[in-house]
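In what follows, every chain begins at residue 1, and chains take the letters A, B, ... in the order their sequences are listed. Values below: every heavy atom of this structure, side chains too, minus hydrogens, waters and symmetry copies. Computed from a predicted model, the values in this text were never measured in an experiment.
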Protein chains: 2
Amino acid sequence: MTDGVAERSRPRDRILETAQDMFHKHGIKGVGVDAITEAAGTNKMTLYRHFESKDELIIECLRATAAKGAAVWDEFEAEHPGDKLAQLHAWVRKVADMLASDSRGCDMANAAVELTETDHPARRVIKELKEAQRDRLVSLCRDAGIGQAELLADTLSLLFEGARVSVQTVGSEGPSAQFVRMAESLIASFRAR
Amino acid sequence: MTDGVAERSRPRDRILETAQDMFHKHGIKGVGVDAITEAAGTNKMTLYRHFESKDELIIECLRATAAKGAAVWDEFEAEHPGDKLAQLHAWVRKVADMLASDSRGCDMANAAVELTETDHPARRVIKELKEAQRDRLVSLCRDAGIGQAELLADTLSLLFEGARVSVQTVGSEGPSAQFVRMAESLIASFRAR
DNA sequence: CTAGGGTGTTACCGGTCTGTAACTTTCAGA
DNA sequence: TCTGAAAGTTACAGACCGGTAACACCCTAG
């Protein structure tokens with residue numbers, strides 16, 4: 001029955017997908033639940049039947065976007081099976097693509113900026129997801145045979161994070177335009193040790 | 001709560017100071033003008049006599065914080081007159097101090113995250129101020145006798161920006177903890193070529 | 001002393017926000 | 001065909017938002 005278009009998927013999925021998109025574009029505090037449900041072709045009551053609050057919806061959105069990010073890493077493994085160094089370079093290229101095609105940065109980082117209450121339930125999730133991302137990059141660096149894998153991974157992480165922020169402040173022609181060169185020479189210098 | 005009210009200055013100055021502090025702590029959309037004026041020991045009408053809108057207040061706050069940042073650079077020059085390399089290292093130490101003592105990142109970057117409308121009046125100001133920051137760091141690198149000063153400055157910028165974001169997502173014990181090490185070895189490698 | 005500008009106070013406007021209640025409609029499966 | 005759960009609809013509550021009007025007050029310059 002539901003073999004057709006994703007457009008006519010179940011309301012919960014539509015809400016989740018639409019919310020991710022709208023939170024990403026307009027920010028969490030910049031979009032209300034009414035706007036989300038309308039864009040998703042449903043209504044507020046249905047949203048609150050599937051999510052107990054907006055905060056809960058935010059958390060589910062963050063988990064969903066993180067899952068999409070994890071899927072990209074799996075693609076790297078599929079494209080370069082066993083070749084961790086090639087996967088690392090694929091990651092660099094992927095990041096460059098994101099910087100060029102999207103000007104709204106990382107959803108998790110943006111959420112951390114917007115949700116300033118230290119005890120906000122989403123903050124814990126953000127930390128967990130970001131730490132998982134870091135662990136995966138560290139593993140990739142280590143499995144690529146790089147000494148000081150943690151330091152390289154952390155440096156690349158900061159460059160990445162900084163680039164995504166820089167795109168939002170000065171655009172993609174700013175410092176982030178040099179990301180590939182920075183990352184590649186960094187990887188080269190770590191490999192040379 | 002602990003919103004210090006500079007009691008004996010003019011209302012406009014108190015509002016500006018208080019707004020900077022509250023925007024920094026709670027975010028721009030997380031603070032209403034009523035809360036600002038109350039914390040500043042005044043009232044909403046007085047705010048609107050000095051600032052034509054909240055957006056205008058936001059812009060003035062961004063300019064003020066940028067001016068404070070510029071003053072720090074002047075301190076470096078005063079502490080290490082003519083020694084541009086020492087000033088660069090002082091900058092690295094200063095950044096590390098900020099990362100350790102403040103968990104709310106850069107006001108300009110945070111504002112860019114929160115104010116998603118592409119035509120928001122503050123966005124132009126943010127871009128100008130960030131470009132001025134970059135220019136100053138480039139000049140410092142160049143005057144320190146470093147070849148490829150632009151590339152070093154941009155790399156340091158991204159590391160800095162990324163570190164300030166990382167502190168917000170995973171805390172000061174995350175990747176940003178290695179900032180000094182990253183920056184110092186970067187500077188060394190650029191000087192060595 | 002007095003005039004007047006800066007400031008404080010109160011009330012209000014129209015809009016938006018999250019979240020809920022009560023009811024009706026739709027539709028798949030038995 | 002009947003049934004029951006999921007989904008849609010309308011209305012509303014209560015709070016907060018940015019911004020304005022009208023008026024009372026205070027304090028200093030003249």
Quick one: does any side-chain atom of B/Glu161 pair with a main-chain N or O of A/Ser166 as donor and acceptor, under 3.5 Å? no
Nearest-angstrom distance from the residue atom CD of B/Glu38 to P of D/dC16: 12 Å
Between CG of A/Asp34 and C1' of D/dT9 the distance, given in whole Å, is 12 Å
A/Leu47 atom CG is separated from C/dG19 atom C1', nearest whole Å, by 10 Å
When we call it a touch if two heavy atoms are under 4.0 Å apart, what does B/Gly30 touch: a base, just sugar-phosphate, or nothing? nothing
Earlier contact from the 5' end, DNA chain C, for A/Ser53 and B/Arg12: B/Arg12
B/Thr46 side-chain N/O to C/dG8 phosphate OP1/OP2 under 4.0 Å: yes
Does B/His50 place a side-chain N or O at less than 4.0 Å from the phosphate oxygens OP1/OP2 of C/dG6? no
Atom-to-atom span, CG of B/Asp55 to P of D/dG19 - whole angstrom: 7 Å
Could you please name the option among C/dG19, D/dT9, D/dG19 that lies closest to any side-chain atom of A/Lys54? C/dG19
B/Asp13 CG to C/dT7 C1': how many Å, rounded? 15 Å
Is there a donor-acceptor contact under 3.5 Å from the side chain of B/Glu60 to the main chain of B/Leu16? no
What class does the angle between the rings of A/Phe179 and A/Trp91 fall in, given that below 30° is parallel, 30 to 60° is tilted and above 60° is perpendicular? perpendicular
Please report, rounded to the nearest Å, how far the P atom of C/dT20 is from the CD atom of A/Glu52. 9 Å
Between C1' of D/dA7 and CZ of A/Arg14, the distance in whole Å: 9 Å
I'd like to know if the side chain of B/Asp154 pairs up with that of B/Ser157 as donor and acceptor (distance under 3.5 Å, no hydrogens or angles considered). no
Ranking C/dG19, D/dA7, D/dT20 by distance to the side chain of A/Arg49, first place goes to D/dA7
If you find the nucleotide of DNA chain D closest to B/Gly32 and the one closest to A/Thr42, which residue's nucleotide is nearer the 5' end? A/Thr42
Return the value, rounded to whole Å, for the distance between atom CG of B/Asn43 and atom C1' of D/dG19. 13 Å
Does A/Arg193 count as lying over the ring of A/Phe190, i.e. NZ or CZ under 6.0 Å from the six-ring centre, within 45 degrees of the axis? yes
Where the side chain of A/Pro11 is defined as all heavy atoms beyond and including C-beta, which of D/dG8, C/dG8, D/dT20 is the nearest nucleotide? D/dG8
From the set D/dG19, C/dG19, C/dT10, return the single nucleotide nearest to any side-chain atom of B/Met45. C/dT10
Assign each of A/Lys44 and B/Lys44 the nucleotide of DNA chain D bearing its closest heavy atom; nearer the 5' end lies the nucleotide of A/Lys44
